[in-house]
Amino acid sequence: MNILHEFEYFKPKSKKEALELVKSKGSSAKVLAGGTDLIIQMKEKMIKTDAIIDISDLEELKGIKCEEGKGAEILACTKLVDIEFNADLKKKYPALTYAVSQLGSNQVRVMATMGGNCCHSSPAAETPAPLSALGAKVVLASLEGERELAIEDFIHGNRKNALKEGEILYKFILPEPVKKSACRYGHIGLRNAMEIDCANMAVNVELEEDKATIKNVKLVMGSVSIKPLVSEAVPKVLVGKKLTDELIATTGEAAQSEAKPISDVRASAEYRKDVIGALARRLVKEAYEAAKEA
Amino acid sequence: MKKQIIKLDINNQIYEVMVSPTDLLVDVIRKQIGLTGTKKGCGQGDCGACTVLIDGKAQLSCLMLAIASEGKKITTIEGIANQETGELHPLQQSFLDHGAVQCGFCSPGMILSSKALIDENPQPTEEEIKHALEGNLCRCTGYVLILEAVESYVEALSKGEV
Ligand SMILES: Cc1cc2nc3c(=O)[nH]c(=O)nc-3n(C[C@H](O)[C@H](O)[C@H](O)COP(=O)(O)OP(=O)(O)OC[C@H]3O[C@@H](n4cnc5c(N)ncnc54)[C@H](O)[C@@H]3O)c2cc1C
Ligand code: FES
Ligand code: FES
């Protein structure tokens, strides 16, 4: 099983050269970033590819810009450890750096990238839910130019996404968090580390000037549908209200009513629904309390 | 399959090896170069037995193409002892002193993951050590002793004893 199907290996020296290769090789090639999904899929013969285009060492695709008042930009091939331990990101987007710190193991995070996590487009992935709750966009690049998409429009689910032939994911753009807002992430798996989430969730709460009334809330669930699911019911429950224990309970039920989890080796659909309720209750409360201080 | 010669920098020595693009670093290190301290367990990124340091960071050689590691500094467990005297690295010695080695299959990975952490953060907390070792499984389950071995090395380091 550990024998890979034959392929040609290309290591472009610039983003432009990478884009030329991605275009000329088309669907016969796969881009390699950290390889932590790709190599496993190749080993398991889930995919066969005639060519690998290794973009893992392209400095033009790596880096984090996170300045006061200006949101952040994270290039696609930035290693997850560099996101996890970036002090500016940690301060401004703790939900994202926490989610990243929960992905795989240290070795996996040293190798893997956020671009790879989103392009793999697995329903259980760690970073799409917090990225979506934070209002992140992706920039896709090709020889023809660039286009921008909201993260939830990029991921179509079950390993499918909006990338067209000749395109790569170039970077993530995160808006500056609005005042009196806070985002929190949580996940439930079978053990502490290295598990694949049986459900995950990110919640972003924004308060009115009175620091009590909810102005906006975005709740995004992972692992309960083929793609990250943005709740429509939860904002209806919470917007314009002050958080009470009763509302917290209703929030849990609202999130549960929308989740469409499956049963698989990791958990039954029923258990996943319970977990969604528990995560929603906990995270809404945590984000609400944090937003008061923000 | 088209093979080509690549140069790998392993433990400060340059090895010229003939590889095909599909060859994984773990197999080249073990079978072609003959450094069998690096272990292959799951081959899936789960166990950490195949951990090596690449440019100082702990990475999984079972998920790394050999050809993609050309031009990087690779350190295996054989490379951390004193190359002249053969004396063990004090972190290795600490594992022995604390009985943190049972069958030994996980030890090279455990030691290299710990070393990568401490090289970057010489005073890690217990939580930080656990977080850094999450990806190294020990089937003999000597986790407590392993943690003690790492903590004792950290302490010796802070006192300037090693
Ligand atoms: C032991 C282990 C544990 C794991 N645990 C978790 C976990 O807890 N949570 C989780 O979410 N994931 C987990 N993963 C999965 C994986 O590590 C992540 O999804 C990772 O972020 C993938 O990034 P990568 O850079 O390695 O991607 P790669 O494997 O290099 O690429 C993945 C896919 O995306 C494509 N791609 C990558 N970058 C780009 C780009 N810039 N443009 C276009 N296409 C691109 C590739 O062609 C490929 O199809 C785990 C993996 C392992 C081996
Ligand atoms: S052999 Fe590489 S992680 Fe198990
Ligand atoms: S000592 Fe046997 S696996 Fe750890």
Side-chain angles (χ1 to χ4, degrees), chain A residues 1-13 29-46 48-58 79-82 84-85 98 100-112 116 189 191-196, chain B residues 1-4 6 19-27 40-72 109-110 112-117 120-121 124 127-137 143:
Chain A
M1 144 201 144
N2 281 339
I3 297 153
L4 303 184
H5 171 75
E6 229 175 288
F7 57 82
E8 245 186 305
Y9 175 81
F10 297 92
K11 191 158 188 170
K13 293 201 171 56
K30 276 278 175 190
V31 162
L32 174 90
T36 60
D37 277 318
L38 186 65
I39 301 288
I40 289 188
Q41 282 195 302
M42 289 168 68
K43 280 187 178 188
E44 292 185 344
K45 311 267 185 275
M46 288 162 74
K48 265 190 189 169
T49 181
D50 295 328
I52 291 265
I53 302 168
D54 182 351
I55 59 170
S56 63
D57 288 330
L58 278 180
K79 299 295 188 185
L80 293 176
V81 274
D82 295 327
E84 178 183 1
F85 293 112
Y98 172 67
V100 165
S101 78
Q102 299 300 300
L103 188 157
S105 62
N106 179 256
Q107 292 98 313
V108 170
R109 292 186 294 272
V110 166
M111 301 171 80
R191 53 190 285 267
N192 250 333
M194 302 274 293
E195 88 305 59
I196 297 187
Chain B
M1 209 178 294
K2 215 172 84 200
K3 293 210 170 202
Q4 63 192 88
I6 60 165
V19 301
S20 111
T22 58
D23 286 335
L24 294 163
L25 183 61
V26 64
D27 297 321
K40 188 169 180 180
C42 63
Q44 305 254 13
D46 287 314
C47 74
C50 66
T51 301
V52 297
L53 303 185
I54 298 184
D55 294 332
K57 295 195 168 170
Q59 306 200 31
L60 303 168
S61 59
C62 73
L63 297 183
M64 171 79 80
L65 300 175
I67 203 168
S69 32
E70 198 174 17
K72 302 183 180 187
M110 288 284 183
L112 289 172
S113 283
S114 311
K115 183 169 187 302
L117 167 72
E120 222 174 274
N121 172 8
E127 277 317 305
E128 285 170 334
I129 298 172
K130 284 184 179 166
H131 189 60
L133 294 182
E134 272 169 7
N136 293 87
L137 303 189
Y143 292 109

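Labels below follow one simple rule: chain letters A, B, ... track the order of the sequence lines, proteins then strands, and each chain is numbered from 1. No experiment lies behind these values; they were computed from the predicted model shown.
A:M111 contributes atom CE, which lies 12.5 Å from atom NZ of B:K57 (distance to the nearest 0.5 angstrom). One distance of note links CD1 of B:I67 with NZ of A:K11; it measures 9.5 Å at 0.5 Å rounding. Rounding to the nearest 0.5 Å gives a distance of 9.5 Å between OH of A:Y9 and CD of B:Q4. B:Q44 CD to A:E44 CD: the interatomic distance, rounded to the nearest 0.5 Å, is 4.5 Å.
Under the 4.5 Å side-chain criterion, counting only non-hydrogen atoms from C-beta, A:I39 is not in contact with B:M64. By the 4.5 Å heavy-atom criterion applied to side chains, A:L4 and B:L65 are counted as neighbours. Put simply, the side chain of A:K43 reaches to within 4.5 Å of the side chain of B:L24, judged on heavy atoms. The shortest side-chain heavy-atom distance between B:H131 and A:N106 does not fall under the 4.5 Å cut-off.
Across B:G71, B:C62, B:A116, the residue that shares the most heavy-atom pairs under 4.5 angstrom with chain A is B:C62. Note: B:L60 leads B:N136, B:L60, B:L133 in heavy-atom pairs under 4.5 Å with chain A.
Taking each heavy atom of A:S105 and B:G135 in turn, the nearest pair found is CB-CA, 3.2 Å. Summarising the geometry of B:T22 relative to A:H5, their closest heavy-atom pair is CG2-O, 3.5 Å, with the distance given to 0.1 Å. Heavy-atom minimum distance, A:F7 versus B:P21: CZ-O, 3.4 Å. The shortest heavy-atom contact between B:A68 and A:D54 is CB-OD2, 3.5 Å.
For chain A, no part of B:K130 is nearby; none of its heavy atoms comes within less than 4.5 Å. Of the two parts of A:E84, only the side chain, counted from C-beta on, holds a non-hydrogen atom closer than 4.5 Å to a non-hydrogen atom of chain B. Neither the backbone nor the side chain of B:L117 comes within contact range of chain A; no heavy atom of the residue lies under 4.5 Å from a heavy atom of that chain.
The environment of CD in B:E128 is crowded: more than 12 heavy-atom neighbours from other residues, nucleotides or ligands sit within 6.0 Å.
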